[in-house]
Structure formats: C-alpha cells, structure tokens
Amino acid sequence: MKPQLLKRRTLKLALGTIALSLGFGTQAFAQAPIVIKFSHVVAKDTPKGKAAERFKELAEKATKGRVKVEIYPNSTLYKDKEELEALQLGAVQMLAPSLAKFGPLGVKEFEVFDVPYIFQSRDVLHRVTEGPIGAGLLAKLEPKGITGLAFWDNGFKVMSSNVPMHLPTDLKGKKMRIQSSKVLDAQMRALGANPQVMAFSEVYQALQTGVVDGTENPPSNLYTQKMHEVQKHVSVTNHGYLGYAVIVNKKFWDGLPADIRVALSDAMKGASRYANAIAQLENDAALDAVTKSGKTTVYTPTNKEIAAWMRAMVPVEKEMEGRIGKDLIMAINKESKALGFD
Ligand code: LMR
C-alpha cells in the first residue's frame, strides 16, 4: 500500500474513534430523541390526563420515536403557577392549564370562559374554541413566549360544600376555593361567598381541614381527587365551563425541524378530537360514581332554582366586561344566537 493511502486510512480510523468516543456516532446522533416534558395538575384518568396520554401515543408513532413525550400528571413536577413559569423558562415544553389560569400571565381575555352561564351548550363552546375567536385568543400568547396549539374540553362545573345548595343564598358567607381568575372571584362574591385562590394540588387537604368550606369543578376533577369524600353536598348547577389550552414553549416549537412540527400538529389534532369526544362521557361517569359512592349527597336543582342561580351570577358578565373586553363577550353571545340561543 502506498504510504500516502495508508496515512489517509489511519487518519480516517482515528477520526472515527474520536467521534464514537464522544458519542457522535452517526447512529447515536440520529437516534437521540427530542424530549417533550408535558406537565399537568390533574389525575391520569381525567379528560386531560387521558388526552395527554393519547397525544404521547400519536406523537411518538407519527415521529417514529424521534420525539419522546414524558407526562408528569397530578402536579408531580409543578403546581399551577409554577408550571407556567417553568414553561416560559423552558424547563418543560408542554402544558394544558385550565383557561382560568392565564390571568396572572397578563392574558386576561381567557377569563371569558369563566363567565357564568355564557355557554348554553357544548356546540356554542366549540364554535368559539374552533373558530376565529379561539385562534385570536391563542395568538395573544405569542408575545409571552408561548404558542397555543389547541383547546381541550373538560366540562361544566358543580358546586360542593358541607351544606345542601339548592339556592345561591346557601353559599352565603362560605369560603370557596377558586382558580386564579378574577371572573371566578366576582362570581363567588356575587353569591355572597368568600373566594380563596388556591393551587389545585392543595384543595383536597384544604377541604378536609376546613381551610375552605367548598369549591367548584367538573365532576371528573372532583371524583379523581376524592373531593367528594370530604364534602357532604354537591349541587349540579352547571354554572360555568372548565377547559384547557394546550400550550408549548414558543422557542422550542419554532426550533423543531419542520417535518417534526407537522407530525406533532397532526398528533395534537388527533388528541384534541379524542379529548373533546370523551370529556362529557367522563364527567357523566364521574358524577354517577360520586352519587353511587354514597359519601356525598348529589342534588340537581329544579328549573326554578337554576333560574335563581342564573339571576345571582349573570350580572358578573357586565361587571367583568372592562377586564375581559366587551367585544369578546359580544362575539361569544353572537355565536350563541347563531345556534338559536338568546
Ligand atoms: C383547577 O385548578 O380546579 C383545575 O383547573 C384543574 C385542572 O387542570 O383541571
């Protein structure tokens, strides 16, 4: 062999060894997955918990393992406020906070979803979340370093406490745990109750020890956190909606290879369809399980009583219009009218 050739081959071998020992072997490099840490605060067997699992499944399949989704449920990684900070700092890549938790981020308009009785049906809600109003709301997150990918349903809320709640006056003077939304604060005050903002992970203990007297949530959250075991009464008021925005760190999202971003967007579409298909069923099943548990009394107000709950809470819409925007409220009411509601 010519000395020239021998030299070249030795050099090539040496470079190969260095590359391998540094972990840059082509195979190792090609296989290092992109990790998406997805943190959330509810149980795995809730609409959000299940939809997150479905997203993981679809995303890992569509990217043939180039993306790995790690889910951290039940506040195991972060509580409500911390998780939004962690997302902005890039410590986690994906979240699905409730729409009532975007106020502290400076995006107050999301609190429109908390306005009592604003959505007369899930169809109205979906016209909002899947149409231009929803897209406009998600766009408001961009300057905060956050990209909004989708809306996921949970459901309509029930009230819980240790007293029977047939009428809104039954909650007078009660300390009620709420999420961080100012609209929810106004709603509880409209009932004569004292609202207390508290992280979701702390609610069970606060109810158990009497730090608060009651709370509101869709049945799926109430049941999976066992809140019904520490609340004597539940009233099916369906007075407000609780849903989620699935969000990612914008820098992370924009930095993904284009084909991966497309695959993940498709996976998100699939997970969202699934979330919105199971949400009502999960809540119905949870309410059934709460009733059957015998640990709490579940009451369904009569039409007359519901009218009284509405009379007490509907003024909140007007009161909060300065905070969330009159135009936004009007746009939602227009969607209701389009479906035949007043
Ligand atoms: C709550 O804090 O009550 C809910 O937002 C929890 C959740 O994410 O469903």
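This one's a predicted model, so the numbers in the text were calculated from it and none came from an experiment. Just so you know, ligand 1 is whichever comes first in the structure, and atom 1 is the first atom listed for that ligand.
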Step through it carefully: locate the ring centre of Tyr223, locate the ring centre of His228, and say whether they are under 6.0 Å apart.
yes

Between Lys182 and Glu111, does any NZ, NE, NH1 or NH2 come within less than 4.0 Å of an OD or OE carboxylate oxygen?
no

Before we go on, tell me: are the rings of His40 and Tyr72 under 6.0 Å apart, centre to centre?
no

Between Gln280 and Asp284, is the side-chain hydrogen bond (donor to acceptor under 3.5 Å, both in side chains) condition met? List the steps.
CA-CA 6 Å; Gln280 178 77 54; Asp284 291 348; 3.0 Å; yes

Near ligand 1 (heavy atom, under 4.0 angstrom), the protein residues are Val41, Val42, Lys48, Ser98, Lys101, Arg177, Gln179, Phe200, Asn217, Asn221, Leu242, Tyr244

Side-chain donor/acceptor pairs under 3.5 Å, residues 266-274, sequence neighbours excluded:
from	atom 1	to	atom 2	distance (Å)
Ser272	OG	Trp152	NE1	3.0
Ser272	OG	Met268	O	2.7

Relative to each other, are the rings of His166 and Tyr299 parallel, tilted or perpendicular (30° and 60° limits)?
parallel

